Amino acid sequence: MADSDITISNSRPESIALDELSEGDLKRLDGGDENQNKTQTQWTYSDQLKQDNQSLEARGVPSIRQLPLAWDRVSIRGLGGADDIVYAPDLSNILAPWLQIKRRKTAARLRAAREAEKTANLNANANASSNVGSSVEHDGMSWTPGSKKPKKGEPGLRPGERYLLKDFSGLLKPGEMMLVVGRPGSGCTTFLKTLSSLTGGYAGVEGQVSYGSMKAGTKGFEPYRGEVSFISEEDFHDPNLSVGRTLDYALRMTTPSAAARPAAKDDGSIGTTDDFKEKKKSDLLRAFQIPHTEKTKVGNEYVRGVSGGERKRVSLAEALTPDPTIMCWDNATRGLDASTALGYARICRTLCDVSQKINVVSLYQAGNAIYDLFDKITVIAEGRLLYYGPRVDARPYFEALGFEQMDGANTADYLTAVTALEERRIRPGFEGRVPTTPAEFAAIYSKSDVARRMRAELDEYLADTTEQEGGTAIAQDSVQLQKNKGTRKGLPDKNNYMIQVRTAVIREYQQRWADKWTFWMRQLTTFLLAFITGSVFYAIPQTTGGLFLRGGVCFVSLVYPVTLAFADLSSAFVGRRVLSKHKAYSMYRPSAVFIAQTIADLPILVIQLVVYTIIIYWMSGLQQDAGLYFAFLLFTFLVVADVTALFRAIGYASSTYNDASKIAGSLFTAFTLYSGYVIYTPAMHPWFAWFRWLCPLYYGVEALMANELDGLTFECVAPQLAPYGADYGSGPSGCAITGATPGSTTLIGSTYLVDALHFHKPHVWRNFGVLIAWWVLYLAMGSFFLENIPAAGTTKAVTLFKPGGGGKYVKKAQAQGTDPRDVEEGVTAGQLVERPRGNVQTEVSEETFRGTTFSWQDLTYVVQADGKDKQLLDKVSGYCKAGTLTALMGSSGAGKTTLMDVLAARKSEGEVHGHVLLNGHPLHLSFQRTTGYCEQLDVHLPQATVREALEFSALLRQPRHIPDKEKLAYVDEIIELLELHDIEDAMVGVAGAGLGVEQRKRLTIGVELVSKPHLLFLDEPTSGLDGQSSFMILTFLKKLAAKGQSVLCTIHQPSASLFAGFDQLLLLKGGGKGIEFPSTANPAEYMIDVVSGDLSRGRDWAEVWLQSEERQLRMQELEAVNVEAAKYYNPEDQDENEFAATTWTQMRIVGARASLQLWRNLEYVVNKCMLHIMTGLIVGFSYWKIGHGYQDLQNRMFAIFNFVFVAPGVMVQTQPKFIANRDIFEKREKKAKLYSWVVFCFAEIIAELPYLLICAFLFWACWYATAGLSLAAGVAGPVFLEMVLYELLYTGIAQFIAAYAPNPEFAALIIPLFVGTVTTFCGVLIPYQQITAFWLYWLNPFTYLMGALLVFPLWDVEVQCKPEEFGIFDPPSGQTCGQYLETFLTYATGYLENPNDTSECHYCGYSKGEEYLASMNLTKHLDGWRDLLITLLFVLTSYGMVFLLLKLRSHKSKMAAE
């Protein structure tokens, strides 16, 4: 950067050119001479640690735990070769299982091709760079056919295995730091996990890792597991908790005993546990310079919180809370600015120097200032050890091999570049003599003087077992001293189980209160369900007509709150990654979280259910007895607690949410069926009747019904009363109901309870004990499953490819007309022939970008925070000139991402003011689409492949006049540029089963580059990449700029050579205030230090810039740039289409992607189908071959009605998928104008349709015939059609709820309210004549759903009452039964079994199903077809609501308002 290139001026504080100031001027600006700056001693982390150590030593407590870290001949075996292709499952696994054989053959050929190409390339490079004629033999890193298989316990590769690390040895003594460097995929993370004893995800471990005298992986090490930590580069936190509360939780869990705590108060006293927690939290926040974030949410990619750099520092601070002795940090500075990264490294150095800790750190980009802090260096390439030894010897070692460091390159980058043939530089005279392959480097190192010295150091240490054991015993005693009273010595916990539970309870309440929407929605749902239930069952009469209603109110009182447990099923997966991380840190027992959730439930659930039961109990008119009410409350509470604990246990036992929802949905259906109400106990078939003993609802319903019916006498009324009417007022009558006494018009409740329901009053308190036992069992199950949840870092990570895919190998084979092809397009046979790939030099497309100048002036951004305005940007000004590359730098949290979001028009909240111009004119309609924005967080569809994600962006974002063929050709260029060819067919996936962090970052960059933007914003594009990849990205950006494109890029930790590649610099300080520095000033670390780091000396450099003359010159220059750019502005060149693609094209491409997503989401589709199959079989066999009795009419109705309850289990599956896709759309795709919200809704709806048809058929096939319903075409056909409509209806309902819901838990809480309301008022649980809230009946889609489902199978059913179902009475003397009931039968339903008898008349209440349907307001057969069409209208309405609610949720992006 030349001085004349300094063009960005910015802000209200903006900046000053340091090279134009004298030393005296600098002193004046800094506030005077050094003496003035020393008037007050500043707090330092080092001084604080020393003070804490002195406090402990003064009491005779060891302040330092010294544990050496040694690893001897360690090798790690993994499954599969480095070149293996692992195919992700899709529906073809089920529909065409024979393809698996072909896929295995394809994968084998691909592996052979990859290995052949690698060998050919290495031989070619060896011939070019090393001795002529040399060749590369098999390096022994992977198993080959014919190799000898070692015996159990012996070292060596087994079939299908490869070495991830090969023959690593070394030693770190207390107080030493080691830097691990290597390109992504070289094995750095595996090495750190191995040193941390997290090897559970690997096939085998050879050699030994030891901590003092303790061996990794042994039982003797387990009590001290917390002394060794692996800190992942991923940031996993509860996004709704504040930074302070996040650290509070970790500190409460890891607070040592009072005997091992340093002084926490100024007077030197130890203080309380809270005093220690607050002090240490303050120390950590100050050490990482984030005290200002204490009350701010941590946030994530979807929840607004602290900045990415601040979130990373929260992760680093949290990792220090357990105070481990040995820490292994994986790419710990990812996302940190250069100054903050250096500050982190200094903290590690301080911990080593003051507390004798051991820090092992892997970094992809390490500046020289960071590099110089380490004692030892390890260099890794492809699992081989290239160098391990002292830092001071590392560079001379490789220079002696013949490698030269490039000007401006960091030493760490130089070390990793020696194996990069295109990037390394050979010293003159060493041509043809330098090593080429990792195996050659490893062989040379093993014979080097450095290796011999390191081996001797290790051997000397290993030989001195006395010193090892002595030091280890002291450290172990110190660890035991830290344990609080009641803590088990055999566990690594510092606090006893009760303290862990109490701490988890506090966090549980904090989490619930932080997510207020979900918390209050649960309370509102419960209240509304109670009010709706109470109103519809209002004042149940004490007659036989109200008998069914009393059972109904007892049943729904239990079922409705139980459905809320589906939300707990979802929440079991939300914090799982955080829990796994804490388990890896050995903070606490995972089961403590489950117990804490249960304890936290108690007061909330009690209050919830007190309100719920009071409303229902007293509105419905159950027995007015306080004792019976409290029993009602007690059993409701126990049943809800039981099912909640069970569903959570299912969630913790399942690896995926879809598996859990399948099991929970099936159990819910079984629970409702065998509760004793939907199917009366006598009607239960023996093969499933036993299930009621496993059903908590059965014990609850029996207790509630027994309490309610015992002691009551019911008056018999029509239709059970026979005969009735004016002519029979004083004549003999009978009651046609089970349990009635012949000739009596009353029914004893206790008799009905026993005869009809097989319930018993003495069982009430037995059931209480059983429910308590189930609760304890479910809690024990959940605790067991949670204790066995994998710790972070112990699971195997795998990259999955689409079936038949294999990256460039497939593409080349297809071009040659050979195998393999993508099986999603069809499979052909053939032979794969591969040729070595030469070095690819990707050039920018010859298309020349029109010059684009982008400027902003006095830009201000204000948001609402805690009810107050918070200014995030303060009058920032600057510009990006056409053809220039501009760097945006600043400390973490300064507002870089916020500025980028505002400039790229990605903000939809807050207020933006100022002037933002493109070529001197206001932003046009297509600005967001033609502007590329590579965001800091990587948001992609998991089921898409790398190539598909790139093609999707290219097809939808490049101008519509460009042919698709040309768009896809440009995708190939970007794939080659970003070196994505090997993984172009890999699935994006999720963490642990998909792309790695570095691969995701490259994909994020590629997705924006393929759109050919005229203006490109990149937020930390090099974060997570190594130095070589970063330089490659920058080189390509410079090529884009050379073609006339403007590029604005935030960048962290750039090397001097990387920094010099930028034309302009915009420097931000905290508060979103801009500052500008010239390129002649020191590079990145120094600049940020001057602005906001150690060198700032309290000066407000933004204010200095505001007062400077240069600021005035820069403002004048900005005006001149706008005037100049406006001259070249041509309105005809502006694309005024909001979207590049037509609506039809959007629907075609987005719809195809949505369909492909479901095709590949095998788990989602299979679980949805399995839920229908399992539920259909359960319902069908539970109602096996329904008879023709009076009670069988009700059984037929409930057999059909139970189909309704397949919905909750499927809806809770559908909603998380919809919300995840919606979040991707809202976070990136909508703001980039890929496609419209209408297209998104259309694609989500259409993609589900085929599977809904299949699901309807599967349920129908499993249920319809087994239940004994008519198979006549006129009956079965309409029923199946209505079932299809119901699948569409509830899916539409689930999607429109999800369209507006903030998260899956909130959406899951609405399901019980909705399902509860529509099922209550549909005329099944309560007959039409007795429904109180009349209007809800007619507006209820389930009214018409049930009408269409019931009319056809029930209309022509001939009823034949069973003996116990007849109403029995004697006619008047001298009359036969027929004569006595002649008038009665003219207006009443039913039939008379013995019309000629003169005694014991047997009357059945119904003779045909149509009479039963009439009681449900279904009086005509045509009503079935009417209701079917009305259901179709509700289906269309539900899908219309999806569009409406998503539109209401969507907010327009904010543009600057002048």
Side-chain angles (χ1 to χ4, degrees), residues 539-552 554 621-623 677 680-683 705-761 1189-1194 1327 1329-1330 1359-1385 1387-1407 1411-1412 1415:
I540 299 173
Q542 193 170 323
T543 64
T544 54
L547 193 61
F548 181 71
L549 299 184
R550 289 179 186 270
C554 293
L622 301 182
Q623 288 200 55
Y677 171 76
Y680 290 172
T681 303
M705 290 287 287
N707 279 339
E708 178 59 27
L709 298 184
D710 185 65
L712 292 182
T713 300
F714 298 93
E715 186 69 28
C716 193
V717 296
Q720 291 83 21
L721 180 65
Y724 58 86
D727 297 336
Y728 300 93
S730 58
S733 300
C735 197
I737 191 170
T738 303
T741 303
S744 173
T745 58
T746 60
L747 175 68
I748 305 300
S750 57
T751 304
Y752 178 80
L753 189 72
V754 175
D755 293 349
L757 305 178
H758 284 197
F759 288 163
H760 304 276
K761 175 70 172 179
Y1190 181 94
Q1191 182 62 40
D1192 288 327
L1193 286 174
Q1194 179 177 310
Q1329 295 84 353
Q1330 294 175 299
V1359 180
Q1360 298 175 356
C1361 278
K1362 299 174 183 177
E1364 66 271 14
E1365 295 172 339
F1366 284 106
I1368 302 174
F1369 54 89
D1370 293 327
S1373 178
Q1375 290 185 337
T1376 65
C1377 294
Q1379 293 171 338
Y1380 179 59
L1381 297 181
E1382 182 177 5
T1383 303
F1384 172 73
L1385 291 175
Y1387 58 81
T1389 62
Y1391 69 92
L1392 186 62
E1393 175 74 9
N1394 51 345
N1396 297 322
D1397 290 355
T1398 57
S1399 64
E1400 294 189 356
C1401 302
H1402 285 57
Y1403 169 75
C1404 183
Y1406 295 111
S1407 61
E1411 296 175 348
Y1412 182 74
S1415 67

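Here the structure is a predicted model, which is why all the values come from computation and not from measurement. Numbering of residues begins at 1 and proceeds along the displayed sequence.
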For this session: Kindly indicate, with the supporting measurements, whether the criterion side chain to side chain contact (heavy atoms under 4.5 Å, CB included) is fulfilled by I1368 and H1402.
Result: CA-CA 5 Å; I1368 302 174; H1402 285 57; 3.9 Å; yes
Under 3.5 Å: donor-acceptor pair, side chain of [X], backbone of [Y]:
X	Y	value
T1389	G1405	yes
E715	T543	no
E1365	Y1190	yes

Problem set entry | Under the salt bridge (charged side-chain N to carboxylate O under 4.0 Å, His left out) test, residues paired with D1192 that sit two or more places apart |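 Salt bridge (charged side-chain N to carboxylate O under 4.0 Å, His left out) list for D1192, sorted by chain: K1362.
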How many angstroms lie between atom [atom1] of [X] and atom [atom2] of [Y], to the nearest 0.5 angstrom?
X	Y	atom1	atom2	answer
T746	L712	OG1	CG	12.5 Å
L547	Q542	CG	CD	10.5 Å
C1361	E1393	SG	CD	8.5 Å
C1377	D1397	SG	CG	5.5 Å

Is there side-chain contact between [X] and [Y], with at least one heavy-atom pair below 4.5 Å?
X	Y	result
C735	T745	no
P723	L1381	yes
Y724	S733	no
P1371	P732	no
D1370	E1400	yes
F714	R550	yes

Under 3.5 Å, which donor-acceptor pairs link side chains of residues 749-761 to any protein atom two or more places apart or in another chain?
residue: K761; atom: NZ; partner: N707; partner atom: OD1; Å: 2.6

Non-hydrogen atoms of [X] and [Y] that approach each other most closely:
X	Y	result
Q1379	Q1375	OE1-CA, 3.5 Å
T1376	N1396	CG2-O, 3.8 Å
C1401	L1392	CB-CD1, 4.2 Å

Problem set entry | For T1383, side chain to side chain donor-acceptor pair (under 3.5 Å) partners two or more places apart |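 With neighbours one apart ignored, the set is empty.
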For this session: Check F1366, Y1391, F1384, F1369 against Y1403 for a ring pair (Phe, Tyr, Trp, His ring centres under 6.0 Å) and give me the one that passes.
Result: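 Single ring pair (Phe, Tyr, Trp, His ring centres under 6.0 Å) partner of Y1403 among F1366, Y1391, F1384, F1369: F1384.
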Problem set entry | Residues Q1191, Q1194; criterion side chain to side chain contact (heavy atoms under 4.5 Å, CB included); working and verdict | CA-CA 5 Å; Q1191 182 62 40; Q1194 179 177 310; 3.3 Å; yes
For this session: Using the six-membered ring wherever Trp is involved, compare the ring planes of Y1406 and Y1412 and label them parallel, tilted or perpendicular (cut-offs 30° and 60°).
Result: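 Aromatic pair Y1406/Y1412 classed perpendicular.
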For this session: Return yes when atom CD of E1364 has more than 12 non-hydrogen atoms of other residues, nucleotides or ligands closer than 6.0 Å, and no otherwise.
Result: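 Result for CD/E1364: enclosed.
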